[in-house]
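Keep in mind that what you see is a predicted model, and the values were worked out from it rather than measured. A note on names: the letters A, B, ... follow the listed sequences, proteins ahead of strands, and every chain is numbered from 1.
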Amino acid sequence: METNKDIGAAIQHKLASFKDRPDDLVWDNIEAQLQKKKKRRFLILWFSGLGLSALFFLLWISNPFQNTVNSVIPSTNVIILDNTTKTATKKDSKISYSNTDTIINVNENNFIVASQKPNKNKKTNTLVSKSDDNISKTVLTTAKDKTKAPLNETESSLKNKTPNEITNRITKKNTIKDSLITYNTSKNHQDSLSKPNEKLKLVSEEKIEEKTKDSLNTKSNSRWSITPQAIFSYYGAFSSKSHDNITNNYGIILSYRVTENTFLRIGARKLNLEQNINDFSINVDYLEFPLEVKYAPFNKRLNPYFTGGLSYFLLQKATINNQNNSDYTTTFSLNTGLGVEYKLFKAFYFNVESNFNYQIKPISQNNNINPFIFSVNVGIEYRF
Amino acid sequence: MNLEQLIKACKKQNLKAQSQLYQIHKDDLFSLCLKYCRNKEEAQDNLQDVFLYIFSNIKSYKGNGSFEGWMKRITINKAIDKYKKDKHVNIEINNDILIDTSIDSKALESIPLNDILKHIQELPTQYRLVFNLFELDNYTHKDISKLLNISANTSKSNLHRAKSILKTKMQKPSFTSSKNRTANGN
């Protein structure tokens with residue numbers, strides 16, 4: 001007997017039990033694609049990190065936050081120009097020449113010849129910048145010149161002095177070196193108002209010290225520094241709760257001062273990290289090589305700073321549940337940190353900093369963890 | 001590892017979990033691919049695309065509805081995407097349309113599964129998709145019209161033509177003797 005049925009329903013019924021399996025090649029292709037994607041993702045992260053670090057580094061090199069008082073002096077009244085190196089002054093000191101009243105020329109015999117330009121508006125004083133191998137940048141002050149007589153006195157007194165004499169006096173105590181001195185316009189202005197008869201004089205060493213004290217009191221000329229560190233490391237994971245994961249480690253940092261506030265530093269750290277997540281424990285020994293930029297926006301005795309950069313981790317040993325296990329022998333981390341340094345004496349500084357390292361790759365791809373290291377580093381820095 | 005843990009691990013791009021998920025669901029999804037594609041090779045390509053898509057987008061699965069259903073929808077959509085890319089391929093027009101598309105179910109029982117599958121695969125792509133969507137996966141003509149960018153009436157017409165072709169092929173005397181042929185076209 002025929003039992004007619006719609007062909008669609010009949011096929012549906014028939015195919016309900018149909019099952020077939022793909023070739024193994026399919027998974028091989030999928031796996032290869034997944035690995036490729038992971039590699040690409042890693043490279044993207046790595047280059048992003050590198051790019052950010054480079055950007056960070058370039059920003060600090062250009063030092064956009066540096067105090068512009070150092071380089072732009074308004075209402076400059078007196079400038080020493082060295083006839084033999086006329087361009088040096090401008091080039092080295094980057095001084096604004098607006099409102100210049102008096103120009104002191106240094107002739108070929110190295111004697112100062114002062115000349116005056118009339119100044120009708122300005123009460124402010126003066127800065128003299130002289131860039132020369134023998135003459136450091138100096139600051140001179142002058143009061144508002146209302147009569148010519150006092151100026152002539154000054155001229156005559158200056159005429160007998162060579163630039164070397166002037167600057168030797170000023171630089172004797174080694175308070176100013178290699179950089180333009182911060183100029184305190186308002187302070188000078190007060191001085192000139194209180195002593196109207198004083199027209200032009202060299203600022204004494206003490207006065208320069210006083211003027212520059214605030215901004216330079218902790219300024220060090222040392223470019224290099226070395227910092228042995230004791231490190232308290234917390235090896236955590238974003239995805240899982242971990243416990244018993246604080247270890248003590250050590251390391252050393254070599255730092256180079258790139259600009260007044262910026263330091264480039266490299267180092268080496270020996271890390272023994274532990275992590276206990278649920279039913280398994282991870283123990284990892286790494287050699288860490290950080291490459292970081294340190295930025296200290298202030299120059300105070302107690303000085304906060306920021307750090308940022310990358311670390312390369314070289315695996316020494318890895319065990320998971322006491323079994324040797326590691327899929328990756330190297331990894332990288334993106335680092336950021338916050339610290340504070342305190343000048344102890346001379347070239348010795350006490351440093352405390354907290355660092356956060358986000359590791360790009362875990363120790364094993366079988367564990368679903370995104371590890372990070374949070375550490376507190378304590379060290380004594382020696383600058384030389 | 002249960003399904004929930006597996007999904008969680010896959011969301012973290014854990015390769016082991018991804019492999020496990022593939023092993024569990026590969027046969028079901030491959031069988032589905034075979035129905036929607038023209039041959040085994042195309043079905044395997046589709047399966048590969050499906051799993052890569054699943055692993056890349058598994059974070060978008062929020063646990064609403066069954067995970068199997070979610071994967072199945074992706075599989076079907078991938079096959080439809082392929083059809084849309086190759087839409088310029090001409091549809092074979094069969095003018096010998098049968099009015100009656102019923103078939104003796106006992107006669108159908110004697111036909112090997114692979115043969116039935118092969119004839120589904122040989123349907124013109126649009127007919128095949130409409131037939132699969134409507135008959136095997138319970139989509140409505142309205143849903144099909146949206147998925148394939150055709151009208152509901154076109155969908156109905158395509159379904160009827162697909163059934164007519166299948167009936168014609170299955171009633172051919174030589175058909176039932178081709179038991180050794182596989183759905184792979186080998």
For [Y], is there any backbone N or O sitting under 3.5 Å from a side-chain donor or acceptor partner on [X]?
X: A:K14; Y: B:E109; result: yes
X: B:S31; Y: A:D20; result: yes
X: A:Q12; Y: B:E135; result: yes

Under 4.0 Å between a side-chain nitrogen and a carboxylate oxygen: does that hold for [X] and [Y]?
X: A:D23; Y: B:K40; result: yes
X: A:R21; Y: B:D27; result: yes
X: B:K163; Y: A:D6; result: yes

Say you draw a straight line from [atom1] of [X] to [atom2] of [Y]; how long is it, rounded to the nearest 0.5 Å?
X: A:Q33; Y: B:D49; atom1: CD; atom2: CG; answer: 9.0 Å
X: B:K26; Y: A:I30; atom1: NZ; atom2: CD1; answer: 10.5 Å
X: B:Q18; Y: A:W27; atom1: CD; atom2: CH2; answer: 6.0 Å
X: B:L34; Y: A:F18; atom1: CG; atom2: CZ; answer: 5.0 Å
X: A:N4; Y: B:L108; atom1: CG; atom2: CG; answer: 11.5 Å
X: A:N29; Y: B:Q44; atom1: CG; atom2: CD; answer: 9.0 Å

Would you find more than 12 non-hydrogen atoms of other residues, nucleotides or ligands less than 6.0 Å from [X] atom [atom1]?
X: B:K59; atom1: NZ; answer: no
X: A:D24; atom1: CG; answer: no
X: B:Y53; atom1: OH; answer: no
X: A:Y250; atom1: OH; answer: no

remark   = One option among A:H13, A:K5, A:K37 has the most heavy-atom pairs under 4.5 Å with chain B, and it is A:K5
ask   = Which heavy atom in A:P22 sits nearest to a heavy atom in B:Y22, and how many Å separate them?
value = CG-OH, 3.6 Å
Greatest number of heavy atom pairs closer than 4.5 Å to chain A - which of B:K35, B:Q23, B:Q48 = B:Q48
query = When heavy-atom pairs shorter than 4.5 Å are enumerated against chain A, which of B:C33, B:S56, B:A43, B:S102 gives the highest number?
reply =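 Most heavy-atom pairs within the cutoff with chain A belong to B:S102.
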query = Side chain, backbone, both or neither: which part of A:A16 has a non-hydrogen atom closer than 4.5 Å to chain B?
reply = neither
query = Would you say the side chain of B:L113 lies within less than 4.5 Å of the side chain of A:S17, judging by non-hydrogen atoms?
reply =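 They are in contact (side-chain heavy atoms under 4.5 Å apart), so the answer is yes.
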message = If you apply the rule side-chain contact (heavy atoms from CB on, under 4.5 Å), what do you find for A:I11 with B:F131, and how did you get there?
response = CA-CA 10 Å; A:I11 288 174; B:F131 177 81; 3.8 Å; yes
message = Please classify the contact of B:L32 with chain A as side chain, backbone, both or neither, using a heavy-atom distance under 4.5 Å.
response =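 Answer is neither: B:L32 stays 4.5 Å or more from chain A.
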